[in-house]
2 protein chains.
Amino acid sequence: MISSSSQIVKTKLSTRKRLINATARLFAQHGYNGLTMRSVALEANANLAAANYHFGSKDALVLEMLRERIQPINARRIELLDEAKARNGKTAPSAREIFHSLIFPIGEEIARSSKSRWSLAQLVARTFTEPVSFIERMHQRFFSQIAKLYHQELSLAYPHAPPKEIHWHLHLAVSSMLGSLAQHRRLGDFTEGECNEEEVNEMIDRLIRFVTHGFVKGVNASS
Amino acid sequence: MISSSSQIVKTKLSTRKRLINATARLFAQHGYNGLTMRSVALEANANLAAANYHFGSKDALVLEMLRERIQPINARRIELLDEAKARNGKTAPSAREIFHSLIFPIGEEIARSSKSRWSLAQLVARTFTEPVSFIERMHQRFFSQIAKLYHQELSLAYPHAPPKEIHWHLHLAVSSMLGSLAQHRRLGDFTEGECNEEEVNEMIDRLIRFVTHGFVKGVNASS
DNA sequence: CAGCAATTAAAACGCTTGTTTGAAAAAATA
DNA sequence: TATTTTTTCAAACAAGCGTTTTAATTGCTG
């Protein structure tokens, strides 16, 4: 855990890595259209042509950045889900465990990225809301399999619930997760700064509870 | 309800109105940066210079459009909230009633806008997620008072709950609402087309129930 | 109908965008 | 060290952007 940081201090990151990092920060902050090749180059201390040299185009740069940031989250989700299944043996995991495996990995990644903690939250959220067609396509590719997996798992946990109800409530749960990630920066609107210093884990924990409650009560009421 | 449509058929809309409508559609679909004055002019069957003539600038055009679409929703929210309070006399309205007044007006407006039903849902959601500073400022101006009002009302309904918990759960509820509105178009990701034809009211109703469950259980557990 | 104001129209203006170019520098290989 | 490959750099390109300008057209009012 600690050993890696000593390397980072000495070793200057490769241009490629700096470009990816800059792209992630600026995409999270300003979205696809608000992100320019020049701003990326400036933020990454690189030449304007560097990004096109390393990635070919703006689209390819953003796509690669998204791949690098989202893939590990999805991998961790499946890992946690499998752990929960193993832990429960033949009985299905609880909704709480399932949603934990869905949401918790985001918190882990947020906590890992020390600089501008909430940048990753916005990045993940933006993946869903960016009105650019090629991002929508990529997102569908990355996420539709995960969604199918969770639907299947929730169906096993709630075999009495109609599939349609599972669909709807999973949709609501995912929407809540994304909405929260996207909106967290705006907590000040309601609290006037009171909650701003809250820690990542608290918010993730609350989110898991909230979503679980909404799902369980909703699905149970439908049967 | 029906009488107004007969006028619309005959009367050609003013250039100003057509520009606003086109702006709403394109903003919902492509966001602020993806919306160009030329695309607005084309969609509205107007000249490129018309928008600048009528509104002064792109920012002013978008701002005016947002004002016209969001103001009535907020007005209706307060109206429904007041009705609920009057209905309950001295006792506070239930969380269900409060969230109904918050969410239902969006459904009403969506149902009213016959053309491309979900455009307004996306528009409202985009108001929250657009990474353009002047939109953020406007949004804060429009919504912070509403947020304060609802926080106050929920505090009365749950006097035993710590204010901080009210804050958090209201935030989660609003985030869920916005996430759902933004994501509804993507229901196909999970359902492969099964839920796409669902009616507006069903989604609104599910959303209200989901949010209420999450809020009530969460706030009660905290005390 | 005349005259004036409001609106529409076409063209152009600077500016920023993503991308390309060709040469210089650095790194790797032998 | 010599040579070949990879990477960096400054400059320029065409295209698209919001906005402005100037003239033509429309609609209203006296």
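By the ring-ring contact (aromatic ring centres under 6.0 Å, His included) test, Phe134(B) pairs with Tyr32(B), sequence neighbours left out. Residues satisfying the salt bridge (Lys or Arg N to Asp or Glu O under 4.0 Å) criterion with Glu83(B), sequence neighbours excluded, are absent altogether. Taking Asp205(B) as the reference, Arg209(B) meet the side chain to side chain donor-acceptor pair (under 3.5 Å) condition, with sequence neighbours excluded. Residues passing the ring-ring contact (aromatic ring centres under 6.0 Å, His included) test with Phe27(B), sequence neighbours excluded: none. Take Arg67(A) and apply the salt bridge (Lys or Arg N to Asp or Glu O under 4.0 Å) test, not counting sequence neighbours, and it matches Glu64(A). In terms of the salt bridge (Lys or Arg N to Asp or Glu O under 4.0 Å) criterion, residue partners of Lys85(B) (sequence neighbours excluded) are, by chain and number, Glu153(B). Every ring-ring contact (aromatic ring centres under 6.0 Å, His included) that Phe104(B) has, sequence neighbours left out, goes to His100(B).
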>> Treating primed atoms plus P, OP1 and OP2 as sugar-phosphate and everything else as base, which nucleotides of nucleotides 9-20 of chain C get B, S or - for protein heavy atoms under 4.0 Å?
In response: BB-B----BBBB
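Annotation: side chain of Val174(B) is not in contact with side chain of Tyr150(B) (no heavy-atom distance under 4.5 Å). Considering only heavy atoms from C-beta on, Thr127(B) stays 4.5 Å or farther from Leu178(B) through its side chain.
Exactly one of Leu35(B), Thr23(B), Leu19(B), Leu26(B) qualifies for a side-chain contact (heavy atoms from CB on, under 4.5 Å) with Glu43(B). That residue is Leu26(B). Screening Glu165(B), His169(B), His171(B) for a side chain to side chain donor-acceptor pair (under 3.5 Å) involving Arg206(A) leaves a single residue, Glu165(B).
Here Arg77(A) does not pair with Glu108(A) in a salt bridge; the nearest charged N to carboxylate O distance is not below 4.0 Å.
To the nearest angstrom, P of dT7(C) lies 11 Å from CZ of Phe55(B).
Listed by first residue number, the stems of DNA chain D with at least three Watson-Crick or G-U pairs below 3.5 Å are C:3-30 with D:1-28.
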Are any protein N/O atoms closer than 3.5 Å to N/O atoms in nucleotides 24-28 of chain C? If there are, list each pair with its distance.
none

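Residue pairs meeting the side-chain hydrogen bond (donor to acceptor under 3.5 Å, both in side chains) criterion with at least one member in residues 44-54 of chain A: none, sequence neighbours excluded.
For His54(A) and dT6(D), the shortest distance from a side-chain N or O to OP1 or OP2 is not below 4.0 Å. Listed pair Thr15(A) / dT7(D) fails the phosphate criterion, with no side-chain N or O lying under 4.0 Å from OP1 or OP2.
A heavy atom closer than 4.0 Å to some atom of DNA chain C occurs in no member of residues 16-23 of chain A.
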